[in-house]
Structure formats: C-alpha cells, structure tokens
Amino acid sequence: MNFPVINPLSVLPEIILLATSIVALFIALFLPDRRGHQLNYLGLVGVLAAIAVLPMLWAKVEVGFGGAIVSDHFALAMDAAILVSALAAFLLGLREVEPGADYVALVLWAALGMMVLTSAVELLSIFLGLEVLSLPLYVLAGFRRDRTTSKEAAMKYLLMGAFSSGIFLYGLAFLYGATGKVSLASIQAAILQNFTSHPLFLEIGAGLVAVGLAFKLALVPFHQWVPDVYEGSPTPVTAFMSVGTKAAAFGALVRILTVALPAGIVHWQPLIAFLAVLTLLFGNLAALRQTNMKRMLAYSGIAQAGYLVVAIAANSQMGVGAGMFYVVAYAFMNIGAFAVVAALSGQNEEGAEIASYRGLAYRRPWLAVSMTVFLLALASIPPLVGFPGKFYILRAAVSSGGVLLAIAIVVGTMISLYYYLRPVLLMFTHSEETESPFPATAHWTAHVTVGVMLAGTLVLGILPGLLTGPLQNAVHAIYGL
Amino acid sequence: MVSTVVFWLAAAVAIVGAGGVLLAKHPVHSALSLVLNLAALGVLFLLLHAEFLAVVEILVYAGAVMVLFLFVVTLLMAGTKTPRDEGRFRLAYQYLLAGLFGLILFVLVAHALVGADWMSSLAATNAGGSFGSIAAFGTALFTKYLLPFELTAVVLLVAVIGVIFLGREHGATRK
C-alpha cells in the first residue's frame, strides 16, 4: 500500500482553522451561555494565526496529499482575501448575531472550504471544498432565526445552492468521464494527447462546471438568489459570504479553466465573456432601483463579479493578475461598506433603508465619511483601490482583444456612478429630522473593521504596486512558470 | 442452486417494487416502493460478487437518495392533502407520454442487448480480481483519495453542528 505524502505544511492554514473550531466547540461545553459571545475572540485569534502563517508559507510551494492540494502563491493570495473576510465576520458578529460556539465554528469551516476550493487541484477535493464552503453558509444565512427574512434567506440559499452543487458535480463527472482523470494537470495532459472519449463530454463538462461556479459568483442569469439572501442574512454574514465566496469561486474557476482546460479556450471563452457582459449590464441596471442599502450592495456585488469574470475571459497572465488584485480590492471596499451598515444598524437591522442615511454626515461624521470613501472606491474613483483594480482589468481586456468587454466595463461603471453617489449625496444633505433611526453607538469592533478596511482602500489605492508585485508571483504559480 | 433461487426471488421483488413506483397513488408510497426495488437490486449485485456496489446501492440509493426524494415530496406537498383528495394531480397525456418514452427505452435497451458482443465486453470490463471489492475500495480511500476522505469528515461535522443549531429550541438558550 502506498500511503501518500501528506505534508501538513500544504494545509497549515486550514489545519489552524479546523483546530480552532474544535477547541471553540469544546470550550463551549464548559462556558455559560451568556459568555458564549467571547468565543468570537477565539475565532478572531484563529484567523489571525492563519493569516500569520501565510508569509511563512510564501517562501516555497508545498504540495500535499499526494498532489491533491497545493499551497502555491495563487492559493495563498486568495487565502489572504478569504481570511480577511472571515476576520470581518468575527469583528462585526459580536453585536448583531450574539454569536456562540456554533457561529464561530461555522464561519471557520466556511473559510476552510473556501481555502480548499482555491488550492485543491483535484476534482473530488474541489467539489468537497465547495460543499464545506456552502453548508455552513446555509446555516449562517439563517442564523437570526427570530427574523423571517433570515429564515427565507437560508431556505432560498439552500435550495439554489443544492441545485448549483448538483450542476457543478455533474460537470465534474463529465470531465472525469471524458478523460478518466481527476487531477487538473492530468486532465489537460489527456486532452492534449487526445485521450478523451468524446469531445462533446468535455464541452458539456466545462459548461456545467462554469454554470455551477457562476451560481456562487452570482453571475447573471444565475443571480436570482443573491438580493434576498444578502438582504436577509445577518450583515456580518453577508459581508463574509459576499467576499469570501467570490474569492473562492474565482480561484476555482481560474484553476479549472487555465490548468485543466486551456485547450478548450475557444469553447469556454465566449461563454465566460457573454456571462460577464450580461452581468455587468444587468447588475448595474438593477442596482439603480434599490431603496435598501443591503439590497443595493447585493446588486452592486453582482456587477462587481462581472468585472472579475472579465478578467478570466481575458485569459492571459495579465487578466488573472488583474482579477486577483480586484478580489483583494473588492474585499476592502465591500467589507468596509457592509461594516458601516453593520455599525449603523441595531439588533434588528432597523435603518437599512437608504433614505434613513439622510443627514448622516452631521450626526455620525466618521461613519458617513468612511461610507463615502467605500462607495467612491466601489465606483472606482481615483485615488481609491477600486480605480487601479478596474484599470488593470480594463487593460487586460483590451490587450487580449476584448474591446466589447472593455466597453461593457465602461458602460457598467458609468451606470454605477448613479447608485453609488446617491447615498453619498443623501448623507451630506441636511435633514430636518432630529430623531435618528440608528442606535446611538456601535460596538468598538465595528469601528476597528471600518478603520482597517479604510486603511486598505486608501493605501492600496495610492500604492497599488505593494500588491501587484507579489501577485505577479501568484500568476506565475497558476501558469506554471 | 441457491443463488438461482435467490436471483429469481430478488428479480421478482425488484419488478414488484418497480411496478409499485408507477402504480402507487400517493408519492410517498411510490418512494417506498423504490426502496424495495433498490434493496432487491442490491441483492442482485451481491450475487454478482460486487460487494461494494451492493453496499452503495443500499446505503446511498435506498438510504440517502430516498431521504432526498421524501424531502422533496414533503416540501412540494406541504399543506396539500393527498393527491386523490386534491383531484386532478394528473398531467395531460400522461399515459400517452409515459408509454411513448417507455417504448423508446425498451427499443434502445433491446437493441443494445441484441447487438452486444458479450465475450469481448466481458473481457473489457474485467478490471482485475479485486476491483470493486471492499478491500480495494478501502485502499483507494486511504491512499489515493485521502484528502477527499478527510474533507468528507469536515462536511459531516458541519452537517451535525448545523443541524443541532437549526433544530435547537431557541429563546430558551438565547436571551
């Protein structure tokens, strides 16, 4: 019997998260319920420890479990974005969800699944990573069981998620059926040597895999669940899943398309480009009509996913690098915006209506100014991080000949200005009302989150070179350079 | 000798089960007939020395897939009475379409059976003595597919904690 070399270093961040979650569950047995929320700090420590080992692992590519998973620069860069969003889930979660051990463990497991999804290079592990990501999020979406909207979110997410998992798995089965291989690299080898049983199976497989991940990325027309789920879920969970899931699904899509199926580019590139254009136009148009802040951010998230997919459609090193930069940029701006929403809303999310932001700048200047910065960044106004992010994607699209994609980005961005700037205008309009719909104070951790995200948005906006250098290595990791 | 008797018994039960799926008036009865059919198929796999397939047939199909069926049935029928009370649950041209598809399937299967080259396909599928045995499966699980195996453990952990959270009486523990 040949036991595979496990190499724990290849899954070190994952092991840290898993260990933390199990410790949290054990401590909860001996902790009185009213102190359960303190476990959130344990989760925080676990995520920080996982972030701390990332630079250590950066030095060398680690392959584990007999080649089923790799910890390369690409995986580590995506892990960083995922862990930052998990951090936000813990920091923001203290107030709104009254978390206990279950919240801590579920967030850690979802993050674990996301990280597996970006680093697995074998079909079975990729699918299981998707499941480890999805199952905790279904529960987390319904974490506020006293609220009907939260239960509705959980139910919708569960049903749509189950369908998308099934479609994804069916696609993987086709890829396996066509080539007889489960590892991404050997699928490519089999395709190149014409060892495939039927080319049609390969095309069906690639299409179904793309659709399955499109559900998770919230691409039009697979986006219908997004507004209700993002609105109904507790805000910390929404912040976490909007960023973490996108980072993970982006990672998996890039790996599958560029490592396993580069030979099928003529088939999948038009499909991905079509989805991107549809998503950019529809997401931005639908966001115009929203009156609820979380719903508006949900549609904006759909549109933002469109930019990410343009980066994949460009199918170049430049494109993958630009997409990775945008994932990190999106993490800072989007989590920041949700952090402000969380800081402003009370236990029951009163005041998530955009109208209630009127005159906010005169009552809560710090939060209003921060929100302004995040919204302007999402609208990609320089010198904030959204601008270089979108610029890199635009450059990648143009240099690979995707002029139509570039036009779609520009049109989408122009539409988006309206709905990103409207809340800004409202916040700085004097309101007659003295009665604020918001609770007077926010938990200090919410302010910390807003501060961290603000710093990221500003620093990376002014000095994008800090990130593009390391990301270049990550791109090389994907293309095996 | 014994195996022949068992084969005919299991085959008869499988056909009765399949008939039950079609003829039962209540979807839940249909689903339960399917369990009978799958269990009988499991016995047939055992007769063919495909131990692992037999176990999977019972565990995955009769167990997990059936639970999914029943979940969907209860989800779709929530709040309605039995179909018979509801009256028209029947689709238009139901018998016609079912007969048509049944006929197509029969022709396809019959064509494949008649045209099959039994000896060469037998040789092609014979992947070695231990293939499909529980021992071979276990070896693959703990060597080649170790990471998926470990991840499945995490999936189960998530499911257990998630279900406990969702199923717990709230308000009593949360203030």
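In this text, all values refer to a predicted model and were calculated from it rather than measured experimentally.
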TODO: Sort out for me which of A:Leu124, A:Leu106, A:Val182 touches chain B most, counting heavy-atom pairs under 4.5 Å.
DONE: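 Top count of heavy-atom pairs under 4.5 Å with chain B: A:Leu124.
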Is it the backbone or the side chain of [X] that comes under 4.5 Å from a heavy atom of chain B, or both, or neither?
| X | answer |
| --- | --- |
| A:Leu18 | side chain |
| A:Leu133 | neither |
| A:Leu112 | side chain |

Task: Centroid-centroid distance, B:Phe165 to A:Tyr103, less than 6.0 Å - done: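 Ring centres of A:Tyr103 and B:Phe165 not closer than 6.0 Å.
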Open item on the list: With a 4.5 angstrom heavy-atom cut-off, is it the side chain or the backbone of B:Leu147 that approaches chain A, or both, or neither?
Closed with: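 Contact with chain A is through both the backbone and side chain of B:Leu147.
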Task: Interatomic distance, A:Leu25 atom CG to B:Leu157 atom CG [nearest 0.5 angstrom] - done: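 CG of B:Leu157 is found 7.0 Å from CG of A:Leu25.
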Nearest atoms (heavy-atom pairs only) where [X] meets [Y]:
| X | Y | answer |
| --- | --- | --- |
| B:Pro148 | A:Leu128 | O-CD1, 3.2 Å |
| B:Glu150 | A:Phe65 | CG-CE2, 4.1 Å |
| B:Leu151 | A:Val132 | O-CG2, 4.1 Å |

- [ ] With sequence neighbours excluded, give me every side-chain hydrogen bond (donor to acceptor under 3.5 Å, both in side chains) pair touching residues 121-142 of chain A.
- [x]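 For residues 121-142 of chain A: A:Glu122-A:Ser125, A:Glu131-A:Ser165, A:Ser134-A:Lys216.
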- [ ] Please list, chain by chain and in numerical order, all residues satisfying salt bridge (charged side-chain N to carboxylate O under 4.0 Å, His left out) with A:Asp79, sequence neighbours excluded.
- [x]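 Salt bridge (charged side-chain N to carboxylate O under 4.0 Å, His left out) list for A:Asp79, sorted by chain: empty.
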